[in-house]
Amino acid sequence: MELKIRKIDGIFFLICLFVGFVAEEAFFRDQIGISYFIFIAIFYTAFFWRFRSFSFSHQRLGYLVLISIWLLAAGYYLYDTTLFYMLNILIIPALVIFHLALITSPKKLEWSNLFFIFYTLLRIIDGIRYSAKFTKHIAKFIKGNRNQKKGYDIWKKILIGIAISVPFLFVILNLLISADAQFERLLSGIPNLLSFKADNVFRLIVILIYTFSFFGFMQALLQKNIDIGQRNIHKPIVMDGIITLTVLLLLDLVYVLFVAVQFKYFFSGTLGDGYTFAEYARRGFFELLFVTLINLSITTGVINLTKTIQGFLKKIIRLALSVLVLSSGVLLISAFMRMSMYEDAYGFTFTRVLVHSFMIFLMVIFAYTLVKIWLEKLSLFHFYFIASLIYYAGINIINIDKIVVDKNIARFETTGKIDIDYLNSLSSTGILGLIELYENNPNVQGLEALLKKRKADREYLKSDSWQSHNFARKKAYEKLGEMEL
């Protein structure tokens, strides 16, 4: 089937070429900073211009995903946390692809199942195919009709003329160069103008890859007549009710015994066996968290695979699942308290605060799952996806490094203990925390020497290009410059 290129398609290709140029400038020139936010703004401007007359679907979820994308992109300017810097290089593009596929998909297409993943992949493949057809069409247009002998003869004569001119030009140019030094300097600069460096070739390739990726994918999304097909109706997998109930009851028995032990420890105020709270907190924390995740997987699996079971057996399974979820909640509380005790003993770190936030997120997930056990109409996947998106965007934007700094400074004020080397290893927020600590407590051992070294090396915080401009790094650079040590 011949590809029909309209005027608006050509204009949009040129827009995508500009977006591709911006993408290369934003991501390959220097460290990513404000450049990601600017790229997202330009990219979505191009998208909404092309789809200005398109009727979008799934708009409520679409707005949530779009807001999350903007927040994650803004994080590159506001903070400089290494973990999120690396993760969001992959997560933001994945969310953008999901968002575009979501709001341009047929309204009858349900996004909360595995088929939507297949649909999104199909759209990506369609985009690649469209780009290939478009490239082939452009090549034919440039090449022209091979049967037009007149055009071929003209180019042939031009090449012959150039070949004949070469020996004459060689002699004449050498004579003119010998006659005029200014003319020699002019000609000597021409090779530099015509030379191609390897990095320029690489950048051109990157721009073209971005251009055709954006253009092909969005042009494919415009095609509403995609055949999404009919999903094959397979016989649903069903777990046997008696076997399921047996497994759940055995798990419940183990967890009830464990919960009883946890209550003995945490509510009696004694640990026994000579353990201190810090030692007890260190033991088994990640094991508890891992067991909790296993329980969540078991619970969701049983909920989805026992839908056909009815009657009294169904109620007993629900009751057993409820006990499993409540026991998992106690495991989470136990792990949460262990981590709190460990932080009291050894201080706060990025990983510990992140794990703390993840446990709170899991508590919300378990609470919803408990309600789902008794209300079948609720959708687990809808809630899990939306809650995960909100949680991830939230931890990106609240600046965990700032929480770690504030918690450690507050702990220092009560205990006199602080690990300045750890704060120094954090992002620019850690440097700002050390400056704040020095302003209030200049006698902290080793702090002044550390800040002197930081001030001497502060040039690396300065943004040498617009792409890497970052608010936190700029503030740390200015604060270090203002300090009199």
Side-chain angles (χ1 to χ4, degrees), residues 13-49 65-97 99-100 195-215 217-218 392-393 395-402 425-432 454-455 457-481:
F13 177 78
L14 294 178
I15 292 174
C16 286
L17 182 62
F18 172 72
V19 177
F21 173 78
V22 173
E24 192 276 331
E25 282 283 330
F27 304 137
F28 287 87
R29 294 284 180 167
D30 208 334
Q31 184 178 3
I32 300 173
I34 197 174
S35 58
Y36 213 132
F37 190 83
I38 293 174
F39 165 74
I40 289 294
I42 294 173
F43 176 84
Y44 271 102
T45 299
F47 169 77
F48 284 116
W49 177 84
V65 177
L66 182 60
I67 291 170
S68 299
I69 291 169
W70 282 97
L71 290 176
L72 296 182
Y76 277 97
Y77 167 68
L78 296 174
Y79 315 123
D80 59 341
T81 306
T82 303
L83 175 64
F84 296 136
Y85 182 95
M86 300 303 297
L87 286 177
N88 290 334
I89 288 176
L90 299 176
I91 290 176
I92 294 178
L95 284 176
V96 169
I97 292 172
H99 176 242
L100 299 190
S195 64
F196 290 94
K197 296 181 180 179
D199 60 333
N200 291 333
V201 175
F202 171 76
R203 285 169 176 169
L204 178 61
I205 293 172
V206 170
I207 290 172
L208 292 176
I209 291 174
Y210 274 125
T211 299
F212 282 100
S213 297
F214 300 153
F215 178 72
F217 184 58
M218 287 191 271
Y392 184 75
I395 62 174
N396 269 264
I397 211 66
I398 62 173
N399 193 6
I400 293 181
D401 282 353
K402 177 63 174 173
S425 69
L426 291 175
S427 62
S428 300
T429 306
I431 301 174
L432 293 171
R454 274 293 193 178
K455 183 174 182 178
D457 300 334
R458 74 187 181 106
E459 286 301 320
Y460 84 95
L461 294 169
K462 189 177 180 181
S463 299
D464 295 324
S465 63
W466 70 267
Q467 291 95 333
S468 59
H469 186 64
N470 179 273
F471 177 77
R473 287 197 296 269
K474 180 183 178 183
K475 189 175 180 181
Y477 176 83
E478 293 174 348
K479 284 281 188 180
L480 285 171

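Treat the numbers as computed from the prediction; the structure is a model and nothing was measured.
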In the structure I gave you, are the side-chain heavy atoms of I89 and Y85 within less than 4.5 Å of one another anywhere? yes
Can you confirm whether L78 sits close enough to N399 that some side-chain heavy atom of one is under 4.5 Å from a side-chain heavy atom of the other? no
I91 vs N88, side chain to side chain contact (heavy atoms under 4.5 Å, CB included): CA-CA, chis, key distance, verdict: CA-CA 5 Å; I91 290 176; N88 290 334; 4.2 Å; yes
Quick one: are N396 and Y79 in side-chain contact, heavy atoms under 4.5 Å? no
Flag, side chain of S427 to backbone of T81, donor-acceptor distance under 3.5 Å: no
Rounded to the nearest 0.5 Å, what's the gap from CD1 on I15 to CH2 on W49? Could you check? 4.0 Å
Hits for side-chain hydrogen bond (donor to acceptor under 3.5 Å, both in side chains) against S68, two or more places apart or cross-chain, chain-then-number order -> none
Any chance the side chains of T429 and D401 put a donor and an acceptor closer than 3.5 Å? no
Gap separating the CZ atom of F215 from the CG atom of L17, nearest 0.5 angstrom: 11.0 Å
Of F27, F21, F18, the one forming a ring-ring contact (aromatic ring centres under 6.0 Å, His included) with F39 is F27
With a 4.5 Å heavy-atom cut-off, do V22 and F43 have their side chains touching? no
Closest non-hydrogen atoms of N470 and S463, given as atom of the first, atom of the second and distance, are N-OG, 3.7 Å
Are the aromatic ring centres of Y76 and F84 under 6.0 angstrom apart? no
Could you label the plane-to-plane angle of the Y210 and F28 rings as parallel, tilted or perpendicular, counting under 30° as parallel and over 60° as perpendicular? perpendicular
Over all atoms of both residues, closest heavy-atom pair of S428 and D80: OG-OD2, 2.8 Å
All heavy atoms of R458 vs all of Y477, minimum pair found to be NH1-O, 2.9 Å
Looking at residues at least two apart in the chain, or sitting in another chain, which of them share a salt bridge (charged side-chain N to carboxylate O under 4.0 Å, His left out) with E25? R29
Spatial distance of atom CZ (R473) from atom OG (S468) [nearest 0.5 Å]: 6.0 Å
Straight-line distance of F47 CZ to L66 CG, nearest 0.5 Å: 9.5 Å
Do I34 and F471 make a side-chain contact, defined as non-hydrogen atoms from C-beta onward lying under 4.5 Å apart? no
Closest heavy-atom contact between I32 and A26? CG1-O, 4.0 Å
I'd like to check I92 versus L95 (side-chain heavy atoms, cut-off strictly below 4.5 Å). Are they in contact? no
All heavy atoms of Y36 vs all of P93, minimum pair found to be OH-CD, 3.5 Å
CG (L461) and CD1 (I431) are apart, to the nearest 0.5 Å, by 5.0 Å
Working to the nearest 0.5 Å, report the span between CG of L100 and CD1 of I69. 7.5 Å
Begin from the C-alpha positions of D30 and W466 and carry the test side chain to side chain contact (heavy atoms under 4.5 Å, CB included) through to its verdict. CA-CA 9 Å; D30 208 334; W466 70 267; over 6 Å; no
Could I get the full list of side chain to side chain contact (heavy atoms under 4.5 Å, CB included) partners for F37, not counting sequence neighbours? W70, A73, A74
Residue pair G481 / K455: nearest heavy atoms and the distance that separates them: O-NZ, 3.9 Å
